[in-house]
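Report on the following structure.
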Amino acid sequence: MTPTGLEVSPFFTLVWWVTAIGIVVAAWSVVFLRDVLKAALALIGSFLGVAGMFVMLNAEFLAAIQVLLYAGAISILIIFAVLLTRDVFRGNPSNRFERLAFFLAGALMFFLTFVIIATPWGQLKDAQLSPEAQAGVAQVFSNTTPIIGQLLVQEYVLPFEVASVLLLAAILGAIVLVREE
Amino acid sequence: MLAPIGLEHFLVLSGALFSIGLYGALAKKNAVVVLMSIELMFNAVNVAVVAFSRYIAPATTAQLPDTARFLLTGQVFAVFVITVAAAEVALGLALVLAIYRLRATVHVTEMNLMKQ
Amino acid sequence: MSEAAAWLVLFLPLASFLIISLVIRPFFNRYSQWAGYLTILAIGGALVLSLMALKATTGHEGPIGWDPHSWITVGSFNLRLGIYMNSLTAIMLVVVSGVSLMVQVYSQGYMKGDPGYARYFAFMSLFTASMLGLVLASNVVMLYAFWELVGLCSYLLIGFWYHRPAAAAAAKKAFIVTRLGDFGFLLAILYLFFHQGAIAGQGLNSLEIPDIYRAVQTGLLGTAVLTWLGLGIFAGAVGKSAQFPLHVWLPDAMEGPTPVSALIHAATMVAAGVFLVARFFPIFEAAPATLRLVAVIGGATAVFAATMGMVMNDIKRVVAYSTISQLGYMMLGLGVAGLAVAREGHVTAEVARAAVAIGIFHLFNHAFFKALLFLGSGSVNHATGTVDMRLMGGLRKVMPWTYITFVIAGLSLAGVWPLAGFWSKDEILAVALKEQPVLFALALLTVFMTAFYIFRVVFLTFCGEYRGGAPGEHGHDAHAHGKPHESPPVMVVPMVILSVLAVISGFWNVNGAFSVFMGEGQTKGFFEGFFGILAHPLPWIAMIVAGLGIFLAYLMYGSKRISAERMGERFKPIYTLFYRKYYFDELYENLFVRRSLVNGLFAGFQKFDTNVVDGAVNGLANVTVATGKGVRRWQTGQLQLYGLFMGIGIVVIVLVLLFAG
Amino acid sequence: MDFLALTPEWSLAAFAIAVILLSLFVRDRLVLALFSLAGVIVSAAVAIGFATWLSGSAMVVFGNMLVVDSFALFFKLLFLGIAALLILASLDYAPKFAESQGEYFALVLLSTLGMMLMAATTELIAIYVALELTSISLYVLVGFLKEPKASEAALKYLLLGAVASAVLLFGMAMVFGFTGQTKLGDIVLAILRLAPDNSGASPALIFGVVLLVAGFGFKIASVPFQMWVPDVYEGAPTPVTGYLSVASKAAGFAVVLRVFYSAFIVPDWVAVDWGMLFAVLAAISMTVGNVVALPQTNIKRMLGYSSIAQAGYLMVGVATVGLAPATDIVGRSSILFFLAGYALANLGAFIAIIAVSNQTNSDLIADYSGMGKRAPLLSLALTLSLVSLIGMPPAAGFIGKFYIFSGAVQHGLLWLVIIAVINSVVSAYYYMRVVKVMWFGEPASAEKVPSSAALKLALTLTTLGVLFIGIVPGYLMRLAQAASNIFVF
C-alpha cells in the first residue's frame with residue numbers, strides 16, 4: 001500500500017534517513033548538551049524534523065501545526081522559562097539515577113524494537129483493497145487538510161469541545177499559579 | 001542500497017524518540033529540561049499515530065468511500081495530542097516559575113520536602 | 001414466641017445504645033444515670049424475652065423455622081437476615097442477657113461517679129446487642145458481622161480507662177490478636193462461599209446455617225473441604241476464646257473495668273468461641289480430625305493456663321487465667337464428646353447435639369460462677385483500691401457478702417458436689433475418660449490446680465490480716481478509703497443472685513433435662529440423679545483431687561498466717577510444732593514451690609508465654625512494621641525515582657507477558 | 001440530540017465559567033460556593049432525569065463516542081456527589097486561597113466535568129482528552145496554596161502525570177496501530193478478526209495493553225505507578241487530597257472498566273492476560289500500601305498509602321472481570337459498590353481531618369490525641385469512616401469488601417482473596433491506631449475543635465451514607481448491578 005508511490009524512490013529514502021538521524025541527534029542533544037539554552041534550540045530542531053516526517057507521511061496540516069505550535073509557541077515558552085529562571089549557568093546536570101535511567105530507556109528501546117519487528121504488520125497492511133478503495137485512499141491522502149477540518153467539527157466535535165474546556169482550565173490554572181499574592 | 005521506507009522505520013524512529021525522552025525525563029535535574037524531554041515523548045507518539053494512520057488504517061478502515069475520511073483518525077489524534085501537550089507544558093512552566101520564585105531552584109532533585 | 005419478639009431481643013439493647021449515644025450523651029450528660037437505668041431496662045426486657053424463647057424451644061423438635069428476610073440479592077449473591085432459634089440459641093440468649101443484667105446492675109455501683117458513665121453504658125448496651133445478634137444470626141455473614149462488632153466493643157471497653165497507657169495497649173493487643181483468629185474465620189466463610197456451586201443444585205445457600213447443616217448431612221461437601229472449614233472456624237474460636245496460642249490477650253484485657261471483665265471476658269464474648277464451635281458442630285463432626293484438634297488444644301490450654309493461674313498475684317489475672325483454663329475445658333468437652341459420637345459411625349444432627357450439650361452445659365454453668373468471681377474481685381478491688389492480693393487479706397470480716405459469694409463460686413469452680421460446676425465438669429471428665437485417657441489425665445490435673453489457685457485467692461484475700469490495700473490512689477475513682485468496707489447493696493445483690501445461680505444452675509442436668517432440651521438423651525428422676533451420681537467412683541476421684549488442691553492451698557496460704565503466729569505465742573510447746581509446720585511450709589514454699597515450681601516449671605511456662613508466644617505475635621507485627629519502614633525508604637521525595645519505578649514496572653510486566661507467558 | 005445528551009456536562013462548564021465571572025464582582029466565598037453547588041445540583045438533576053427517562057437503556061451520541069448508559073450515569077452521580085461534598089468541605093478551607101476562590105470552585109467543577117466524561121466516552125481520543133481535562137484541573141488544585149510543599153507536590157504530580165500520559169498515549173497508539181480503530185466497540189471487533197487465539201502474533205497488542213494498564217494505573221494509584229501518591233497527598237490542600245483519593249481514583253476505575261471491558265473482553269486470551277496482570281498488581285498494591293502505611297506519622301500520608309491498598313482491593317474486582325465470563329456481573333457491580341462506599345468513608349475521613357487541622361494546624365497522628373474529648377462527634381464520624389476503611393461492620397466497607405471478595409472467590413481467585421484478607425488484618429492495625437489515639441490519648445489542650453455548619457453537614461452526610469450502605473446495602477447494590485450492564489457495541 002503505497003498511495004503516493006514515493007516511498008520506493010531512493011531520494012525519498014535518503015531524505016527520510018537524513019531527517020530521522022537529524023531528529024535523533026537533536027533529541028540526543030536535548031538531553032546531553034551542557035548548555036540548557038542550546039538544548040532548547042536542539043529541541044526546536046527536533047520539532048522541525050518531526051514536522052518533516054509529517055510531510056513525508058502526507059500530513060501537511062499537522063506539519064504546519066507542528067511548526068507553529070511546537071517549534072514556535074512552545075519553544076518560545078521554554079526559552080523564556082530557561083532565561084527567567086537563570087539556571088542556565090548551572091548547566092544541564094544529570095541526577096544520580098542517570099545510569100539506571102539509561103539502562104531503562106535502553107531496555108524500553110529494545111522491547112519496542114522487538115515488538116515492532118515481531119508484530120506482523122504486513123498482515124494488517126497488505127489486506128486486499130478493491131481498486132475503488134485504493135483510489136479513495138489515494139484521494140484522501142492527496143489533500144488532507146479539508147478532511148481534517150471536517151473531521152474536527154463533525155465526528156470529533158466532542159473531543160474538540162472538551163479540548164476547548166481543557167484549555168480554559170489550563171489558562172485558569174496558569175493564571176492562578178503565577179499570580180503574585 | 002537502503003531498504004524502502006516502511007511503517008517499521010517510522011515506528012523505530014518513534015521508539016527511539018520516546019526512549020530518549022524517557023531518559024531525559026528521568027535523568028535530568030533541570031525541571032525545564034524534564035519538560036522538554038516529555039515533549040519529545042509526545043512527539044514520538046505523534047510520529048507513531050500518524051504513521052499508523054498512513055499505513056494501517058487503509059486496510060482496516062477504508063472499505064467504503066463514505067468512511068474514507070476516518071483514514072485520518074491518526075492525524076486527528078495527533079492534533080489533540082499537540083493541543084493537550086501544549087497546555088500541559090504551559091502549566092508545567094508556570095509551576096516551575098512559581099517554585100523558582102519560592103525556592104530559587106528549578107532542580108527537581110532539590111524538591112524533596114516530603115518523603116517517607 | 002413470635003418472630004418479632006425474637007428480633008426484639010436484639011433491638012432492645014441496640015435501641016438503648018442509640019438513645020444513650022445520640023440523645024443522652026450529647027444533650028443530657030448531666031443526667032447520665034438515665035443511661036444506666038435505660039440499659040438495665042432494655043436488657044431486663046431482653047432477658048424476659050430470652051426466657052420466653054427458652055420456654056418456646058423446650059420440647060420443640062428442631063429449630064423454630066422463621067423464614068429469613070432477603071437482605072442483599074444480586075445475581076448469584078444472596079444474603080438473608082434471619083433468626084435461627086433452637087435450644088442452643090435460647091440457652092445462649094439466657095446466659096448473655098442474664099449475666100449482662102446482673103453486671104449492669106452491679107455497674108451502677110461500681111461505675112458511680114466515673115466521668116465516662118454514659119459512654120460506659122452505651123458501649124455495654126452495644127456489646128450486649130452484638131452478642132445477642134451473634135447468637136441469633138441464621139446467616140454466616142450476619143454472624144460474622146456481629147462477631148466483629150463484639151470484638152470492637154471489647155476493644156472499646158478494655159481501653160475504657162484510656163488515661164492508663166496499659167489499658168490502651170491491652171485494648172490494642174486484644175483487638176489485633178483476636179483478629180488473627182477472625183481472619184481464619186473469614187477465610188472459612190469465603191471458602192464456604194467458594195463451594196456454593198457444589199450445593200446450589202440442591203437449592204441450598206452456602207451462607208445460611210440451616211442449609212450448611214443440610215449440605216453436611218447429605219454429604220455434598222467432601223471431608224477435605226469440611227476439614228479446612230472446621231480449621232478456619234476453629235481459628236476464629238481460638239482467637240475469641242483465648243485458646244493457646246492466641247490466649248495472650250485475655251490476661252492483659254483485665255485492664256478494663258471489672259464488670260467488663262465479668263461480662264465480656266468471662267461469661268459471654270470469650271464463650272462465643274465455644275458457641276461458634278457448637279454452632280458449626282456438624283462440620284466438625286463430619287471431619288473428626290478437627291475434633292481431635294479441638295480436644296487437644298482445649299486440654300492443653302486448660303492445663304497451661306491453670307499453671308499460670310497458680311503463681312499470679314493480681315486477683316483479676318488469676319481469675320482471667322482461670323477463665324482461659326475453663327474455656328479450654330469446654331473445648332475439651334466439645335472435642336472428646338464429638339469424638340465419642342463420631343466413633344459410633346453415623347452422624348446425625350441429633351447425635352451432634354448430644355455432644356454439644358456437654359460442652360455448652362459447662363459454658364452455661366461457668367458463665368454464672370465466673371461472672372460472680374469477677375464481680376467478687378471487683379468488689380474487693382473497689383474496697384481496697386488494689387488488685388494485688390499481697391496487699392489484701394482479712395477481708396472476710398469486713399466484706400462478709402463478698403466473701404461468702406466468692407467462696408460459693410470458688411467451690412463451684414473447683415467442682416464440689418452439689419454445686420453447678422460439679423455437674424458439668426463431671427460430664428466432661430466422664431466422656432474424656434471414655435475417649436482418651438491422656439486428655440482425662442490433663443483434665444484431672446486441671447481440676448487439682450483449679451481448686452488450688454482459686455482457694456489460694458480465697459485465703460490470701462479474705463483470710464489472715466488486712467495488709468494495707470492500695471498504697472496509691474484508687475483504681476478508678478478518687479474517693480479515698482480509710483478502711484475496706486462492704487460494697488453497696490446495688491453491687492451485692494447481683495452477686496447474691498449469681499451465687500444462687502452458681503449453686504443451682506447445674507441441677508438442670510441432674511436428671512438429664514438439659515441434654516433432652518438440647519435434643520438428645522433421657523431423663524431420670526431428679527433425686528436418682530442427684531444422689532445416684534455419688535455411687536460412681538469418678539465423681540469421688542474428682543472431688544478428692546479438688547479437695548487435695550484446696551487443702552494444699554490451705555496449708556500454704558491459710559494456716560501459715562492464722563495459726564502459726566497467734567497460736568505460737570499462746571502455746572509454746574505446740575508453737576514449735578506449728579513453727580516446724582510453718583518452717584515446713586516455708587521450706588516447701590522456698591524449695592519446692594518457689595525454686596522448682598515457681599522459678600522452674602511455672603516460671604518456665606510464663607517465660608514461654610511472654611517470650612515465645614507473646615513474642616511471636618509481637619514479632620510478626622514488628623517484622624511487618626520493619627518491612628514497612630524498609631519499603632518506605634524508597635519514598636525519597638525524588639520524583640524521578642518514582643518515574644524510574646514506573647518504568648521498571650512496565651519493563652518487568654512486558655518481560656513477563658511477552659517472554660514468559 | 002447530541003448536545004441534549006451532554007446537558008449535565010455543558011451545564012457544569014457553563015456554571016464553571018459563570019463562577020469565574022461572578023468572582024470578579026462577589027468576594028463572599030459562601031456565595032461562590034453556593035453557586036457552584038447549584039451547578040452541581042443542576043447537573044445531577046439532569047443526570048437523574050436521564051436515568052429515569054432511559055430506565056436502563058443506553059443513548060449513543062457523537063458518532064459512537066459518548067454513551068449515556070446507566071454505568072456512565074452511576075459514575076456521573078458519584079462524581080457530582082463527591083464534588084458537592086468537597087465544595088461543602090472546602091468552605092472552611094477556602095480563606096487560605098485568598099484571591100483565587102472563584103478559580104478554585106471553577107476548577108473543581110471542571111475537573112468533575114472531566115471525570116464525568118471519562119466515565120461516558122467510548123473512544124480513545126475522547127477518553128484521552130477527558131482524562132487530561134481532569135488531570136490538568138487537578139494539577140492546579142494540588143498546587144493551589146502556592147506554598148513550597150504544595151507547589152512541589154503539584155510539579156511532581158504534573159511531571160509524573162505527563163510521563164504517565166505519554167505512556168498511556170503510546171499504548172493507545174499501539175492499540176490503534178494494531179486495530180486501526182479508536183472506538184472501543186470497533187477495537188474489540190478488530191481484535192477478534194486479527195488475533196482470535198493466542199497465536200503469539202500480536203506483541204504490539206500486548207505491549208499496548210500493558211502501557212494502557214500503566215497509564216491508567218497511574219490514575220488509580222496501583223503499584224508500581226503509585227509513588228507519587230504520598231507526596232502529592234501530603235502537599236495538596238486537604239480538601240483536594242480527599243478529592244484526589246476518591247474522585248480521581250473512581251474516575252480511573254470507571255475508565256479502566258469501560259476500556260478493558262468494552263475493548264479487550266474477547267478473545268479470552270486477552271482478557272485472561274490483563275485479568276491476571278491486574279490480579280498480581282492488586283496483590284502487590286495492597287501489600288505495599290498496607291505495609292508502608294504502618295509506620296506513617298502523618299495522617300494524610302497514611303491515608304495516601306491506605307488509598308493505594310484500597311486500589312488493590314478494587315483491582316481484585318477488575319481481575320475478576322477479566323477472568324469471569326463476560327456475562328457475570330458480580331465483578332463489575334462489586335467495584336461500583338465498593339467505590340461508592342469507599343468514597344463516602346474516605347471523604348468522611350478527610351473532612352474530619354480538615355476540621356481538626358483547621359484548629360491544630362497539624363496533620364500528625366500524634367496531634368489527634370484525645371480528640372474524642374475535644375470533638376466527640378467529629379471523632380465518632382472519623383472512627384466510623386476508619387472502621388469502614390478496615391472493612392468492619394456495620395459500615396459500608398464491610399459489605400463492599402465481602403462483595404468484591406466473594407466475586408473473586410467464585411472465579412478462582414482464592415489465592416488473591418487470601419492475600420487480601422491478610423491485608424485487611426494488617427490494615428486494621430494502622431487505622432485503629434488513629435482511633436486509639438483519639439479515644440485513648442490525653443488531649444493536648446482542653447480547647448474544643450469547632451467546625452462550620454457546612455463541614456458538619458458534609459460530615460453528617462458521609463457518616464449517614466456509610467452507615468446506610470452498611471446496613472441497607474440492597475439499594476445501592478441494585479443500582480450498581482443495573483449500572484454494570486455496560487453497553488458493548
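Convention: sequence-line order gives letters A, B, ...; per-chain numbering from 1.
- With chain B as the partner, the residue from D/Ser135, D/Gly235, D/Pro230, D/Ala162 showing the most heavy-atom pairs under 4.5 Å is D/Ala162.
- Between D/Tyr128 and B/Phe80, the ring center distance fails the sub-6.0 Å criterion.
- Interface remark: B/Leu26 contributes no atoms to any contact with chain D (heavy atom separation under 4.5 Å).
- Within the 4.5 angstrom heavy-atom criterion, atoms from both the backbone and the side chain of B/Leu91 approach chain D.
- Residue B/Phe77 touches chain D through both its backbone and its side chain, counting heavy-atom pairs closer than 4.5 Å.
- The shortest distance between side-chain heavy atoms of B/Val34 and D/Val163 does not fall below 4.5 Å.
- The closest donor-acceptor contact from the side chain of B/Ser53 to the backbone of B/Val49 lies at 3.5 Å or more, if one exists at all.
- Atoms CD1 and CG, from D/Ile187 and D/Leu192 in turn, are 12.5 Å apart once rounded to the nearest 0.5 Å.
- Residue D/Pro148 touches chain B through both its backbone and its side chain, counting heavy-atom pairs closer than 4.5 Å.
- Only the side chain of B/Val108 has a heavy atom closer than 4.5 Å to any heavy atom of chain D.
- Heavy-atom pairs under 4.5 Å with chain B peak, among D/Glu152, D/Met174, D/Met172, D/Glu147, at D/Glu152.
- For the pair D/Ser111 (side chain) and D/Val108 (backbone), a donor-acceptor distance under 3.5 Å is present.
- Most heavy-atom pairs under 4.5 Å with chain B, from the set D/Leu160, D/Leu159, D/Thr182, D/Asn298: that is D/Leu159.
- In the model, D/Asp231 has no side-chain atom that pairs as donor or acceptor with a side-chain atom of D/Tyr157 under 3.5 Å.
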